[in-house]
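Report on one structure; see the data block that follows.
Keep in mind the model is a prediction, meaning the values are calculated, not measured.
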Amino acid sequence: MPKFVVMPKIGWVMQKGKIIEWLKKEGEEVKKGEPLFVVETEKVTQEVEAQDSGILCKIIASEGTEASPAEILAI
């Protein structure tokens with residue numbers, strides 16, 4: 001069953017986050033806890049860890065894309 005990578009809510013007032021860099025490529029194995037992508041918010045830039053292990057099948061939100069918390073970024 002596919003799992004979705006979503007934009008995390010970083011802080012109480014976060015409205016949008018910008019994908020700065022994907023640290024994994026489509027087709028690569030991802031392990032839970034590994035850094036998956038870098039996100040920039042109004043106040044911070046940080047790496048986001050994978051919530052599950054598996055294969056990164058499809059990146060939906062490319063680098064430079066802004067997304068709201070809980071918006072799907074990848075499968």
Q) Knowing that exactly one of Leu36, Thr65, Ile19 qualifies, which makes a side chain to side chain contact (heavy atoms under 4.5 Å, CB included) with Leu73? A) Ile19

Using a 3.5 Å cut-off and no angle test, enumerate the donor-acceptor pairs between side-chain atoms of residues 44-55 and protein atoms at least two apart in sequence or in another chain.
| unit_1 | atom_1 | unit_2 | atom_2 | d |
| --- | --- | --- | --- | --- |
| Gln51 | NE2 | Glu49 | O | 3.3 |
| Ser53 | OG | Lys32 | N | 2.8 |

Q.
Checking the side chain of Glu26 only, and the main-chain atoms of Ile59 only, is there a donor and an acceptor separated by less than 3.5 Å?
A. yes

Q.
According to a hydrophobic-cluster definition based on side-chain heavy atoms being under 4.5 Å apart (Ile, Leu, Val, Met, Phe, Trp, Tyr only), do Ile10 and Met7 belong together?
A. yes

Q: Could I get the full list of salt bridge (charged side-chain N to carboxylate O under 4.0 Å, His left out) partners for Glu34, not counting sequence neighbours?
A: Lys24

Q. Any chain of hydrophobic side-chain contacts (each under 4.5 Å) joining Val39 to Val6?
A. no

Q.
Checking Gln15 now: which residues fulfil side-chain contact (heavy atoms from CB on, under 4.5 Å) with it, not counting sequence neighbours?
A. Glu42

Q | Pair listing, ring pair (Phe, Tyr, Trp, His ring centres under 6.0 Å) test, anchored in residues 32-56, at least two apart | A | Trp22-Phe37

Q.
Side chains of Val38 and Leu23, heavy atoms from C-beta outward: is any pair under 4.5 Å?
A. yes

Q | Atom pair SG (Cys57) and NZ (Lys3), whose distance is rounded to the nearest 0.5 Å | A | 12.5 Å

Q | salt bridge (charged side-chain N to carboxylate O under 4.0 Å, His left out) partners for Lys18, two or more places apart | A | none

Q) Is it true that atom NZ of Lys9 has more than 12 heavy atoms of other residues, nucleotides or ligands lying nearer than 6.0 Å? A) yes

Q) Are Phe4 and Ile60 grouped together when hydrophobic residues (ILVMFWY) are joined by side-chain heavy atoms under 4.5 angstrom apart? A) yes

Q. Taking only residues two or more places apart in sequence, or in another chain, which ones meet Lys16 in a salt bridge (charged side-chain N to carboxylate O under 4.0 Å, His left out)?
A. none

